[in-house]
Amino acid sequence: MGHRDLVLLLCSAWCVFYVGRCGAELQSSQTQVLLQLKKHLEYPKQLEIWRDRWTDLCSISSSAQVNVTCKDNFVTELTILGDKPVKGRDFDGFAIPNQTLSQSFSMDSFVATLARLTSLRVLFLVSLGMWGPLPDRIHRLGALEHLDLSSNYLYGSIPPKICTMVNLQTLGLGDNFFNGTIPSFFNSSSNLTVLSLKNNKLKGPFPTSIHSVTTLTEIDMSSNQISGRLLEFSVLSSLEELDLRENKLESELPAMPKGLIRLFLSRNSFSGEIPKHYGQLNRLQKLDVSFNALTGTAPAELFSLPNISYMNFASNMLNGPLQSHLRCSSQLRFVDISYNRLVGGLPSSLRTESENRVVKSDGNCLSGSVQH
Ligand SMILES: *[C@@H]1O[C@H](CO)[C@@H](O)[C@H](O)[C@H]1NC(C)=O
Ligand SMILES: *[C@@H]1O[C@H](CO)[C@@H](O)[C@H](O)[C@H]1NC(C)=O
Ligand SMILES: *[C@@H]1O[C@H](CO)[C@@H](O)[C@H](O)[C@H]1NC(C)=O
Ligand SMILES: *[C@@H]1O[C@H](CO)[C@@H](O)[C@H](O)[C@H]1NC(C)=O
Ligand SMILES: *[C@@H]1O[C@H](CO)[C@@H](O)[C@H](O)[C@H]1NC(C)=O
Ligand SMILES: *[C@@H]1O[C@H](CO)[C@@H](O)[C@H](O)[C@H]1NC(C)=O
């Protein structure tokens, strides 16, 4: 072998090595899966950049709409944000032109294709017009840590096998048409921190199994038809935000964990008094319990919590006088106590002119106010 041949050999060996290892080139089977997904999604214009199987899909620069991240020749993160936001709250399970994908779209075959991206850790498929029941085989994406399918036209039940996805940290299924009951999903081996099922048509009781997922920091199940009673939330020691607005819940207000920051329980049928210990939720910033059937008085301590900025008690049956020397937190910007049965005088700290804050107190029997 001549000198020149040796150089040539070394050079081509280097080329093979370089292209194979350093090019971050996607396995061709993974590229094919992505191109099939593009076909399933009926060629949205955001995916025009995925030209053909010779395009290196990992190194196309990402945008806010489309983002593919790869590791060791496998897709690990896939984000596609479409431009088909859900319009209206009626969907009868049939394709709607210009809103959902066509009648020939099949969520089943879409997820079957998707499940071949076995290394996926992050999957965001939002506002793409996907419609149909969410197939149980979604759980085969066992490496997923973040799953967001919000703002589509998914209906039926949430597949119970989602609870076997033990790596899942955030789950977003909001703004869809899920209309089953919420399965008793999770147990203590779940690592879920954020759960959003908001704005669906979920029925039945609040799933008590949620109380064993102590990693949860945020739960949003607002705007559904969840009914019945709530158990104590104090066991969820990491919980910072609970949003159960606009449901059909009808217990007394449950106990809350010490670290809670935002609590939204408006437009349900909660009754009884506001628990005294809410006045010790030191980190609380926002509290909305408006449009319920609460009685008794509001704990004075709530008004002086160090970071409280928003409090809404409107349209309940709170009664009695407010403490005349009520002390308010300097952070407090909004208080609505209107349409209750409060009597007596409005404490000086709540007179609108006294500080940079909005106070609504109409519809009570407060002395000095116009309405009685
Ligand atoms: C794409 O995803 C990667 C990994 O999560 C992230 O670091 C990057 O900011 C994303 N790019 C855009 C434009 O969102
Ligand atoms: C859920 O919605 C679908 C599509 O509108 C409908 O066919 C189905 O009967 C509904 N199921 C329940 C339990 O309401
Ligand atoms: C759908 O969009 C196309 C193009 O924007 C328009 O020509 C067509 O009339 C729309 N169809 C419906 C049913 O809105
Ligand atoms: C929790 O659920 C997972 C998945 O279904 C299961 O593998 C595990 O054994 C369950 N753990 C407990 C403590 O029940
Ligand atoms: C859950 O998270 C903890 C800490 O982040 C980790 O040690 C554990 O392996 C995770 N469990 C699962 C099933 O992923
Ligand atoms: C109040 O808010 C400030 C600023 O966000 C924060 O640093 C502080 O820890 C909060 N205090 C409590 C008791 O949560």
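Given the structure is predicted, the values throughout are model-derived calculations rather than measurements.
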> Show the numbers, then the answer: is there a side chain to side chain donor-acceptor pair (under 3.5 Å) between Ser290 and Asp288?
CA-CA 6 Å; Ser290 58; Asp288 189 350; 2.7 Å; yes
> Does the pair Leu141 and Leu114 meet the rule for a side-chain contact (heavy atoms from CB on, under 4.5 Å), with working shown?
CA-CA 8 Å; Leu141 290 168; Leu114 197 61; 4.1 Å; yes
> Nearest 0.5 Å please: distance from the CG atom of Leu326 over to the OG atom of Ser304.
7.5 Å
> Check for a donor-acceptor pair, side chain of Asn179 on one end and backbone N or O of Leu202 on the other, with a separation under 3.5 Å.
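No; judged by distance alone, with no hydrogens or angles, the pair does not exist.
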> Quick one: sort the Phe91 and Tyr155 rings into parallel, tilted or perpendicular, breaks at 30° and 60°.
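Rings of Phe91 and Tyr155: tilted, as their planes differ by 30° to 60°.
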> State yes or no: do Val122 and Ile162 share one hydrophobic cluster built from I, L, V, M, F, W and Y residues joined by side-chain heavy-atom distances below 4.5 Å, directly or via other members?
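No, separate clusters.
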> Indicate, with yes or no, if Ile60 and Val75 share a hydrophobic cluster defined by side-chain heavy-atom contacts under 4.5 Å among Ile, Leu, Val, Met, Phe, Trp and Tyr.
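Linked, Val75 and Ile60 end up in one cluster.
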> Consider only side-chain N and O atoms of Ser59 and Asp56, and report whether a donor and an acceptor are under 3.5 Å apart.
yes
> Judged by atom type as modelled, is there a donor-acceptor pair below 3.5 Å linking the side chain of Ser251 to the main-chain atoms of Leu230?
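Yes.
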> Step through the shown structure and confirm whether more than 12 heavy atoms of other residues, nucleotides or ligands are within 6.0 Å of NZ on Lys201.
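Yes - once you tally the heavy atoms of other residues, nucleotides and ligands closer than 6.0 Å, there are more than 12.
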> Pick out which of Asn282, Leu239, Leu287 makes a side chain to side chain contact (heavy atoms under 4.5 Å, CB included) with Leu260.
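Filter result, single survivor: Leu239.
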> Residues in side-chain contact (heavy atoms from CB on, under 4.5 Å) with Pro160, at least two apart?
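Asp136, Pro183.
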> Minimum heavy-atom separation for Gly82 to Gln46, with atom names?
CA-NE2, 3.4 Å
> Using a 6.0 Å cut-off, check whether atom NZ of Lys360 has over 12 heavy atoms from anything other than its own residue.
no
> Can you tell me if Asn152 uses its side chain to pair, donor with acceptor, with the backbone of Leu128 under 3.5 Å?
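Side chain of Asn152 to backbone of Leu128, a donor-acceptor pair under 3.5 Å: yes, one is there.
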> Between Thr215 (side chain only) and Leu192 (backbone N and O only), is there a donor and an acceptor less than 3.5 Å apart?
yes
> According to a 4.5 Å side-chain heavy-atom criterion applied to Ile, Leu, Val, Met, Phe, Trp and Tyr, with indirect links allowed, do Leu81 and Leu149 form part of one hydrophobic cluster?
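Different clusters.
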> Using the side chain to side chain contact (heavy atoms under 4.5 Å, CB included) rule, pick out the option among Leu47, Leu34, Leu37, Asn67 that qualifies with Ile80.
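Between Ile80 and the candidates, side chain to side chain contact (heavy atoms under 4.5 Å, CB included) is satisfied uniquely by Leu47.
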> Any luck finding a side-chain donor-acceptor pair between His40 and Ser109 under 3.5 Å?
no
> Taking a hydrophobic cluster as the set of Ile, Leu, Val, Met, Phe, Trp and Tyr residues connected by side-chain heavy atoms closer than 4.5 Å, whether directly or through intermediates, do Leu35 and Phe105 fall within one such cluster?
yes
> At their closest point, which heavy atom of Leu350 faces which heavy atom of Cys328, and how far apart are they?
CD2-SG, 3.8 Å
> Using only atom types and a distance under 3.5 Å, with no angle test, would you say the side chain of Lys276 pairs donor to acceptor with the backbone of Pro299?
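Not a single qualifying donor-acceptor pair exists.
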> Tell me if a side-chain donor or acceptor on Asn340 pairs with a main-chain N or O of Phe313 at a distance below 3.5 Å.
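Yes, the answer is positive, given that a donor and an acceptor are paired below the 3.5 Å cut-off.
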> Does a side chain donor of either Asp336 or Ser338 reach within less than 3.5 Å of an acceptor in the other side chain?
yes
> Going through the distances and angles, do Thr214 and Leu216 end up as a side-chain contact (heavy atoms from CB on, under 4.5 Å)?
CA-CA 5 Å; Thr214 49; Leu216 278 167; over 6 Å; no
> Any donor-acceptor pair under 3.5 Å linking the side chain of Ser212 with the backbone of Ser209?
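Present.
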> Can you confirm whether the side chains of Asn199 and Asp175 place a donor and an acceptor under 3.5 Å from each other?
yes
> Is the backbone N or O of Ser349 less than 3.5 Å from a side-chain atom of Arg357, with the two atoms forming a donor-acceptor pair by type?
yes
> Return the orientation label for the Phe206 and Phe233 ring planes: parallel under 30°, perpendicular over 60°, tilted otherwise.
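Aromatic pair Phe206/Phe233 classed perpendicular.
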> Go through Leu294 and Glu273 one step at a time and tell me if the side-chain contact (heavy atoms from CB on, under 4.5 Å) criterion holds.
CA-CA 6 Å; Leu294 300 171; Glu273 303 200 358; over 6 Å; no
> Verify, without hydrogens or angle tests, whether Trp131 (side chain) and Gln103 (backbone) share a donor-acceptor contact under 3.5 angstrom.
no
> Does any pair with a residue in residues 203-232 pass salt bridge (Lys or Arg N to Asp or Glu O under 4.0 Å), and if so which ones, sequence neighbours excluded?
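Salt bridge (Lys or Arg N to Asp or Glu O under 4.0 Å) check on residues 203-232 returns no pairs.
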> Please tell me whether Met256 and Ile261 are part of a single hydrophobic cluster in this structure, the criterion being side-chain heavy atoms less than 4.5 Å apart.
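Different clusters.
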> Under the salt bridge (Lys or Arg N to Asp or Glu O under 4.0 Å) rule, what pairs show up with a residue in residues 241-258, not counting sequence neighbours?
Glu241-Arg262, Asp243-Arg245
> Going through the checks in order, is the side-chain contact (heavy atoms from CB on, under 4.5 Å) test met by Met311 and Leu284?
CA-CA 10 Å; Met311 261 197 298; Leu284 200 63; over 6 Å; no
> Is it the case that Thr164 and His139 place a side-chain donor and acceptor less than 3.5 Å from each other?
no
> State whether a side-chain donor-acceptor pair under 3.5 Å links Tyr153 with Gln99.
yes
